[in-house]
Amino acid sequence: MRIALFVTCVNDTLYPRTGQAVVRLLHRLGHEVVFPESQTCCGQMHYNSGYRREAQKLAVRFVETFADADAVLAPSGSCAAMVRDNYPRLGEDGSRLDRAVAAVAPRVYDLSELLVDVLGVTDVGAYFPHTVAYHPTCHGLRLLKLGERPYRLLSNVRGIDLRELESATECCGFGGTFAMKNADVSAAMGADKARHAVATGAEVLCAVDNSCLMHIGGTLRRQRTGMKTLHLAEILASTEQEPAVL
Amino acid sequence: MPPFPEAAKSATENSQMRHNLRLATDTIRGKRESAVSELDDWSDLRQAGKAVKDRTLRHLDTYLEQLEESVTAAGGTVHWAADAAEANEIVTGLVQATGESDVVKVKSMATQEIELNEALAQAGITAYETDLAELIVQLSDDLPSHILVPAIHRNRAEIREIFRDRMASWGVPAPEELSDDPRALAEAARVHLRERFLDTKVAISGANFAVADSGSMVVLESEGNGRMCLTLPQTLISVVGIEKIVPTWSDLEVFLQLLPRSSTGERMNPYTSTWTGVTPGDGPQEFHVVLLDNGRTDVLADTVGRQALRCIRCSACLNTCPVYERTGGHAYGSVYPGPIGAILTPQLRGTASETEASLPYASSLCGACYDVCPVAIDIPEVLVHLREEVVSQPGHRAEKAAMGVAGWVMGGERRLDTAQRAASAARSFMPRRMPGPASAWTDTRDIPDIPAESFRSWWRREGAEQAPDPGGGEHGPDAQEGGRR
Ligand code: SF4
């Protein structure tokens with residue numbers, strides 16, 4: 001299958017390894033990846049902060065960029081959710097944007113959805129001999145309703161030792177600009193999430209969203225816990241020949 | 001009240017309160033979940049509750065008139081109050097007409113919203129709260145911090161102290177050897193309140209529902225103290241928000257299932273009291289309803305925001321909210337705290353002042369509140385909608401500028417590329433701790449390392465190298481950038 005990658009601005013700028021892992025993984029599974037270069041950002045930050053017009057502009061750019069794609073992969077739960085759940089609220093009923101969104105949004109997937117629902121694989125032939133805890137991010141959990149998909153993918157990775165995370169469904173406290181606007185509450189939530197992550201005894205905390213991992217990972221690093229964070233894509237791309245870099 | 005972030009800061013530092021709250025909300029969350037999972041038609045019920053409320057709100061004028069007719073026909077009197085001042089004036093006048101100077105109250109958020117107790121006190125009338133948790137709040141000169149459990153921020157030991165120190169100055173004192181056993185505390189409250197119920201001739205209540213076709217008021221509660229208020233006094237005055245209407249008696253069925261399961265995690269609440277007008281020789285012989293607007297018609301006019309008026313005050317959203325759990329209710333500066341408070345208060349009061357303008361941001365938009373809401377209020381949607389309103393006002397100059405720059409950079413891939421290159425070039429100079437507003441982030445977290453190269457510039461090199469041109473042109477210009485190994 002030919003898959004258009006929407007790498008997301010955060011991954012593009014700060015976590016290129018996630019995008020590279022996605023490309024490696026999909027190539028390994030025999031699929032074609034395209035990267036339309038006119039892509040930038042889904043507009044989530046603008047939308048969530050109340051800057052609707054800026055978000056609209058970015059939405060227009062997105063739907064134009066991906067108008068022809070059969071499937072769009074967004075390796076970020078919150079960006080996939082932004083397109084699928086919030087874009088339909090951006091255009092007036094029947095407007096051009098509204099129609100374009102209705103055409104594109106249903107073809108936008110998170111990595112675990114693309115693999116399980118579209119490509120029909122739950123064993124991607126990965127090898128990752130480490131202890132891992134999975135944090136189901138809010139948008140993945142409640143908007144995309146990813147459910148068991150990420151766990152199914154992870155449980156089929158050879159060598160992996162999956163640990164259960166306490167209060168897994170609770171928000172990590174990132175919330176985009178929330179981390180700046182309500183820094184104290186955000187930090188308190190992040191500290192609790194980090195504590196639960198460390199308590200699993202796992203080496204790695206995994207999620208489908210690098211924004212959440214940036215927040216939790218930043219807390220883990222500041223506390224010198226030694227625990228690492230990795231996007232699901234990097235674990236699934238990992239093989240004996242090309243192991244993920246911890 | 002200070003804006004939310006400031007109030008929240010001191011709250012997050014109060015570890016006793018956080019501990020009390022965590023214990024209480026953890027327990028009630030678990031109970032709710034099992035009570036809800038018992039019903040396999042929960043999502044249908046939820047949709048039904050939402051539909052009834054939406055339909056009622058769309059035709060609110062008609063149902064309000066119908067309610068007035070039914071209440072009047074049943075021997076009650078309806079009063080209309082446009083705002084808090086008007087409502088307080090009406091209630092004060094009604095109490096004064098009875099010649100009494102004491103009133104008992106059953107927990108009512110509407111009367112807290114209009115600060116009725118304070119208004120009555122100014123007229124020399126003392127209002128006695130009879131709900132156990134309200135009693136605790138009143139005795140300790142405190143403010144409620146939760147919709148359902150106003151004293152949720154207190155633990156047993158604190159409550160014992162409050163009872164021992166303060167009960168005597170309000171009536172029957174607490175027993176000498178009062179322990180902090182919940183049963184002993186409840187008994188002390190019972191004895192304290194009994195005298196009050198037997199002596200007081202006027203009661204003030206709210207209502208969970210007002211039924212338009214029969215003119216009935218409905219109160220759901222756990223302790224039975226509310227029922228005492230509703231049946232013992234001579235005069236009953238109910239202060240009811242205009243959004244509390246349900247069209248018919250049979251519509252109640254849906255809400256009598258939704259509310260107890262969502263709020264206390266029970267299949268049925270212990271006391272459901274309904275009263276309709278006046279019955280000679282039985283119950284209050286004089287009955288008044290004060291229908292309160294106080295900003296509600298403005299909320300109704302906002303097609304996105306109006307869903308907040310569906311709220312049945314179950315408090316499920318508070319009990320599940322990670323922000324509420326860490327800040328407690330007082331930080332919201334309103335009788336409606338938590339997620340529902342964050343959308344209702346700025347709508348009722350407007351977003352002109354700093355406190356109200358800060359409330360739509362008191363959420364990480366995690367969506368847990370929407371998931372549990374029994375009438376499916378999309379709280380995150382309304383939060384974002386209100387943020388749009390806040391940023392459309394003057395001020396927020398630095399933020400608007402930053403958002404503008406970010407939007408401009410993201411408005412074209414070349415500009416984004418340039419910004420990424422600049423960031424990569426400066427990566428070795430990145431400090432671990434940032435000055436200014438960014439310090440909020442680096443106070444507790446390390447910022448990530450900036451990579452040497454962005455994904456797009458890697459793709460241009462590696463992706464293109466791997467990519468034999470699939471050709472055919474059928475995929476448009478994108479195909480040139482495609483790659484297959
Ligand atoms: S908003 Fe929904 S969950 Fe929150 S109190 Fe109201 S009805 Fe309950």
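Proteins get letters first, then strands, A, B, ... in listed order; numbering begins at 1 in each. Computation of the quantities below employed the complete heavy-atom set of this structure, encompassing side-chain atoms and omitting hydrogens, waters and symmetry-equivalent molecules.
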Problem set entry | Contacts of A:F62 that satisfy ring pair (Phe, Tyr, Trp, His ring centres under 6.0 Å) - sequence neighbours left out | A:F6, A:F66, A:Y87
Problem set entry | Proximity of residues 219-226 of chain A to chain B, residues having a non-hydrogen atom under 4.5 angstrom | A:T219, A:R221, A:R222
Exercise. Under a 4.5 Å heavy-atom cut-off, does chain A meet the side chain of B:A331, its backbone, both or neither?
Worked result: neither
Exercise. Is it the backbone or the side chain of A:E170 that comes under 4.5 Å from a heavy atom of chain B, or both, or neither?
Worked result: side chain
Exercise. For A:L14, is it the side chain, the backbone, both, or neither that has a heavy atom closer than 4.5 Å to a heavy atom of chain B?
Worked result: both
For this session: Quick one: which of B:I450, B:V409, B:D449 has the most heavy-atom pairs under 4.5 Å with chain A, could you say?
Result: B:D449
Exercise. So, A:Y51 and B:E399: side-chain donor and acceptor under 3.5 Å apart, yes or no?
Worked result: yes
For this session: Name the member of A:A179, A:S49, A:A55 that forms the most heavy-atom pairs with chain B at distances under 4.5 Å.
Result: A:S49
Problem set entry | B:E33 CD: over 12 foreign heavy atoms closer than 6.0 Å | no
For this session: Heavy atoms only, distances under 4.5 angstrom: which of A:R53, A:R52, A:Q20, A:H139 has the most pairs with chain B? Name it, please.
Result: A:Q20
Exercise. Got more than 12 heavy atoms from elsewhere within 6.0 Å of CD, B:E354?
Worked result: no
Problem set entry | Nearest heavy-atom neighbours spanning A:T13 and B:P451 | O-CG, 3.1 Å
Problem set entry | Heavy-atom pair count under 4.5 Å with chain A, highest-scoring of B:R415, B:R22, B:E6 | B:R22
Exercise. Roughly how far, to the nearest 0.5 Å, is CD of A:E37 from CZ of B:R460?
Worked result: 4.5 Å
Problem set entry | Heavy-atom contact with chain B under 4.5 Å, split by part of A:K57 | neither
For this session: Let me know if B:D378 has heavy atoms under 4.5 Å from chain A in its side chain, its backbone, both or neither.
Result: side chain
Problem set entry | From CZ (B:R18) to CG (A:D192), nearest 0.5 Å | 5.5 Å
Exercise. So what's closer than 4.5 Å to chain A heavy atoms on B:D417: side chain, backbone, both or neither?
Worked result: neither
Exercise. With a 4.5 Å heavy-atom cut-off, do A:D12 and B:L416 have their side chains touching?
Worked result: yes
Exercise. Ring centroid separation for A:Y15 and B:F455, is it under 6.0 angstrom?
Worked result: no
Problem set entry | B:E413 and A:S38: side chain donor to acceptor below 3.5 Å | no
Problem set entry | Top contributor to chain B interface from A:C9, A:G175, A:P16 [non-hydrogen pairs under 4.5 Å] | A:P16
Exercise. Among B:P322, B:G404, B:S392, which has the most heavy-atom pairs under 4.5 Å with chain A?
Worked result: B:P322
Problem set entry | Atom group of B:R326 that falls short of 4.5 Å from chain A, counting heavy atoms | side chain
Problem set entry | Spacing of B:F4 atom CZ and A:D184 atom CG [to the nearest 0.5 Å] | 10.5 Å
Exercise. Taking all non-hydrogen atoms of both residues, which atom of A:C41 and which atom of B:M410 are closest, and how far apart?
Worked result: CB-SD, 3.5 Å
For this session: State whether B:E453 and A:R17 are salt-bridged, where the test is any N-O pair (Lys NZ or Arg NE/NH1/NH2 against Asp/Glu carboxylate O) under 4.0 Å.
Result: no
Problem set entry | Side-chain donor/acceptor of A:R61 to backbone N/O of B:G411, under 3.5 Å | yes
For this session: Look at atom CD of B:Q393 and say whether more than 12 heavy atoms of other residues, nucleotides or ligands are closer to it than 6.0 Å.
Result: yes
For this session: Sequence neighbours left out, what pairs pass salt bridge (Lys or Arg N to Asp or Glu O under 4.0 Å) with at least one residue falling in residues 210-219 of chain A?
Result: none
For this session: Give, for atom NE2 of B:H385 and atom CZ of A:R89, the distance between the pair rounded to the nearest 0.5 Å.
Result: 12.0 Å
Problem set entry | Under 4.5 Å from any heavy atom of chain B - which part of A:T169 | neither
Problem set entry | Per-residue contact mode, A:T177 against chain B (heavy atom under 4.5 angstrom) | side chain
Problem set entry | Interface moiety of A:N86 toward chain B, non-hydrogen atoms closer than 4.5 Å | neither
For this session: Can you check whether anything in residues 355-368 of chain B gets within less than 4.5 Å of chain A, heavy-atom wise, and list it by number?
Result: B:Y361, B:A362, B:S363, B:S364, B:L365, B:C366, B:G367, B:A368
Seminar exercise, completed: Between B:R456 and A:T40, the two heavy atoms sitting closest are NH2-CA, 4.2 Å
Problem set entry | Rounded distance [0.5 Å steps], CZ in B:R387 versus CG in A:N48 | 6.5 Å
Exercise. Looking at CE of B:M403 and CE of A:M45, how far apart are the two atoms once the value is rounded to the nearest 0.5 Å?
Worked result: 4.5 Å
Problem set entry | Interface moiety of A:V7 toward chain B, non-hydrogen atoms closer than 4.5 Å | side chain
For this session: Could you look at B:T12 and say if it's the side chain, the backbone, both or neither that has a heavy atom under 4.5 Å from chain A?
Result: side chain
Seminar exercise, completed: Residues B:V384 and A:Y47: closest non-hydrogen pair is CG1-O, 3.3 Å
Exercise. Which bit of A:L141 comes within less than 4.5 Å of chain B, counting heavy atoms only: side chain, backbone, both or neither?
Worked result: neither
For this session: Count the heavy-atom pairs under 4.5 Å between each of A:E54, A:K181, A:M214, A:R142 and chain B, then report the option with the highest count.
Result: A:R142
